[in-house]
Amino acid sequence: MPPVKAFWSITAYGADDFLIDNPLQRYALGDRDPLVFNKDGSLDLWMQADPPPPEWAANWLPVKAAERFLLNARLYWPHETALDGRWNLPAI
């Protein structure tokens with residue numbers, strides 16, 4: 001998980017730099033959402049156009065099919081490890 005003292009979020013923006021319109025009206029995911037964790041405690045977030053299996057719907061951040069998008073991660077009150085490069089976001 002992102003090393004923060006407050007909270008974190010990931011927001012998806014379209015190629016036009018605006019939030020991506022979607023049927024869920026969901027524009028970001030973060031630690032304040034009711035995310036579903038894997039049995040080993042890890043977390044998978046689904047950033048895709050098509051819905052994931054129903055059991056992972058809480059972790060879905062909708063984007064548009066065949067369109068570019070930008071993900072912006074925000075770490076509020078980050079720990080030193082996030083600031084000095086010892087921690088990095090996992091690859092997508």
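From a predicted model like this one, the values you see are computed outputs, not experimental measurements. Residues take their numbers from the sequence shown, with the count starting at 1. Any value given below was found using the heavy atoms of this structure, including those in side chains, with hydrogens, waters and symmetry copies removed.
Of all heavy-atom pairs between Trp60 and Ala49, the closest is CZ2-O, 3.3 Å. Residues Tyr76 and Ser9 approach most closely at CE1-OG, 4.2 Å, considering heavy atoms. Shown here for Pro34 and Ala58, the closest heavy-atom pair between the two residues is O-CB, 3.4 Å. Pro62 and Arg26 get closest at one heavy-atom pair: CD-O, 4.0 Å. Between Pro78 and Leu83, the shortest heavy-atom distance links the atoms CG-CD2, 3.7 Å.
Atoms CD1 and CG, from Ile10 and Asn72 in turn, are 9.5 Å apart once rounded to the nearest 0.5 Å.
For Glu55, the CD atom counts as densely surrounded, since its 6.0 Å shell holds more than 12 non-hydrogen atoms of other residues, nucleotides or ligands.
Side-chain contact between Val36 and Trp56 is present, with heavy atoms from C-beta onward closer than 4.5 Å. Residues Thr11 and Leu71 form no side-chain contact, since every pair of their non-hydrogen atoms from C-beta on lies 4.5 Å or further apart. When side chains are defined from C-beta on, Val63 does not count as touching Trp46, because their heavy atoms never get closer than 4.5 Å. Using a 4.5 Å heavy-atom threshold, the side chains of Asn59 and Leu43 count as touching. A heavy-atom distance below 4.5 Å is not found between the side chains of Phe69 and Lys64. Contact check for Leu61 versus Leu45: no side-chain heavy atoms found under the 4.5 Å cut-off. Using a 4.5 Å heavy-atom threshold, the side chains of Tyr27 and Asn22 count as touching. Side-chain contact between Trp8 and Met1 is present, with at least one heavy-atom pair separated by less than 4.5 Å.
Judged by distance alone, with hydrogens and angles left aside, the side-chain atoms of His79 form a donor-acceptor pair with the main-chain N or O of Val4 at under 3.5 Å.
Cluster annotation: Leu70 is not connected to Leu75 through the hydrophobic network of ILVMFWY side chains, with a link wherever side-chain heavy atoms come within less than 4.5 Å. Put simply, Ile92 and Leu29 are part of the same group of oily side chains (I, L, V, M, F, W, Y) that touch within less than 4.5 Å, one to the next.
For residues 67-90, every residue pair satisfying the salt bridge (charged side-chain N to carboxylate O under 4.0 Å, His left out) rule, not counting sequence neighbours, is listed here: Asp84-Arg86.
Remark: Asp44 pairs with Asn38 by the side chain to side chain donor-acceptor pair (under 3.5 Å) rule, at least two apart or across chains.
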